[in-house]
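Computed from a predicted model, the values in this text were never measured in an experiment.
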Amino acid sequence: ATTCTGCHGANFKGGPPHSEKAPAIPDITSAGNVGKWKEDEFLTTLHTGRTPERKLSDAMPWKAFTYTDNELKAIYLYLHQLK
């Protein structure tokens with residue numbers, strides 16, 4: 001999950017956008033919206049760029065990720081442990 005800290009912050013709580021045209025950076029801990037997702041929804045999002053609610057912003061570099069499903073499952077479990 002270290003890769004995620006570049007945008008989502010050291011505590012994964014997100015923050016303001018990096019530019020005027022970019023969206024706010026979401027909280028990806030269990031306290032944020034991502035915390036409501038099931039594991040398969042998390043994997044689908046990072047494989048397809050579609051969340052359960054919407055298409056990811058182009059600011060989210062999901063296409064560059066080369067994580068295996070097992071690595072994504074580990075990230076999901078880690079993020080869900082964070083409050």
Side-chain angles (χ1 to χ4, degrees):
T2 303
T3 304
C4 307
T5 62
C7 292
H8 295 276
N11 63 1
F12 302 97
K13 292 288 189 182
H18 286 293
S19 70
E20 288 181 25
K21 295 181 181 182
I25 300 166
D27 177 343
I28 57 172
T29 70
S30 63
N33 191 51
V34 175
K36 299 174 190 170
W37 297 352
K38 296 178 179 124
E39 181 181 77
D40 65 314
E41 293 171 326
F42 182 79
L43 270 67
T44 296
T45 296
L46 292 176
H47 285 310
T48 69
R50 291 239 18 115
T51 77
E53 301 87 20
R54 62 180 175 78
K55 180 182 179 290
L56 287 174
S57 160
D58 290 338
M60 171 64 180
W62 66 271
K63 291 178 186 176
F65 297 154
T66 58
Y67 297 115
T68 66
D69 281 353
N70 283 337
E71 290 169 326
L72 290 173
K73 289 175 183 180
I75 292 169
Y76 173 85
L77 290 172
Y78 174 73
L79 293 173
H80 275 73
Q81 293 176 4
L82 303 175
K83 302 283 183 219

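- For the pair Pro52/Thr45, a side-chain contact is recorded, criterion being any heavy-atom separation below 4.5 Å from C-beta on.
- One distance of note links OG1 of Thr29 with OH of Tyr78; it measures 10.5 Å at 0.5 Å rounding.
- Applying the ring-ring contact (aromatic ring centres under 6.0 Å, His included) test to residues at least two apart or on different chains, none of the pairs has a partner in residues 19-41.
- Qualifying side-chain contact (heavy atoms from CB on, under 4.5 Å) partners for Ala24, counting only residues two or more places apart in sequence or in other chains: Pro17.
- Residues that satisfy the side-chain contact (heavy atoms from CB on, under 4.5 Å) test with Ala74, not counting sequence neighbours, are absent from this structure.
- With sequence neighbours left out, Tyr76 forms a ring pair (Phe, Tyr, Trp, His ring centres under 6.0 Å) with Phe42, His80.
- Grouped with Ile25 in a hydrophobic cluster is no other residue, since no side-chain heavy-atom contact under 4.5 Å to another Ile, Leu, Val, Met, Phe, Trp or Tyr is found.
- Here Lys73 pairs with nothing under the salt bridge (Lys or Arg N to Asp or Glu O under 4.0 Å) rule; sequence neighbours left out.
- Taking CG from Asp69 and CD from Glu39, the interatomic distance works out to 9.0 Å, rounded to the nearest 0.5 Å.
- For Asp40, there are no side-chain hydrogen bond (donor to acceptor under 3.5 Å, both in side chains) partners, not counting sequence neighbours.
- Residues forming a side-chain hydrogen bond (donor to acceptor under 3.5 Å, both in side chains) with Tyr67 (at least two apart in sequence, or on another chain): Thr3.
- Annotation: the span from Leu46 atom CG to Thr51 atom OG1 amounts to 10.5 Å, rounded to 0.5 Å.
- Residues forming a ring pair (Phe, Tyr, Trp, His ring centres under 6.0 Å) with His47 (at least two apart in sequence, or on another chain): none.
- Ser30 is linked by a side-chain hydrogen bond (donor to acceptor under 3.5 Å, both in side chains) to nothing, counting only residues two or more places apart in sequence or in another chain.
- Using a 4.5 Å heavy-atom cutoff, the side chains of Ile28 and Cys4 are in contact.
- Listed by first and then second residue, the salt bridge (Lys or Arg N to Asp or Glu O under 4.0 Å) pairs that reach into residues 52-66 are Lys55-Asp58, sequence neighbours excluded.
- At a threshold of 4.5 Å between non-hydrogen side-chain atoms, the residues Trp62 and Arg50 do not count as touching.
- Note on residues 19-31: pairs passing salt bridge (Lys or Arg N to Asp or Glu O under 4.0 Å), not counting sequence neighbours, are Lys13-Asp27.
- Atom CG of Leu72 sits about 10.5 Å away from atom CG of Leu79, to the nearest 0.5 Å.
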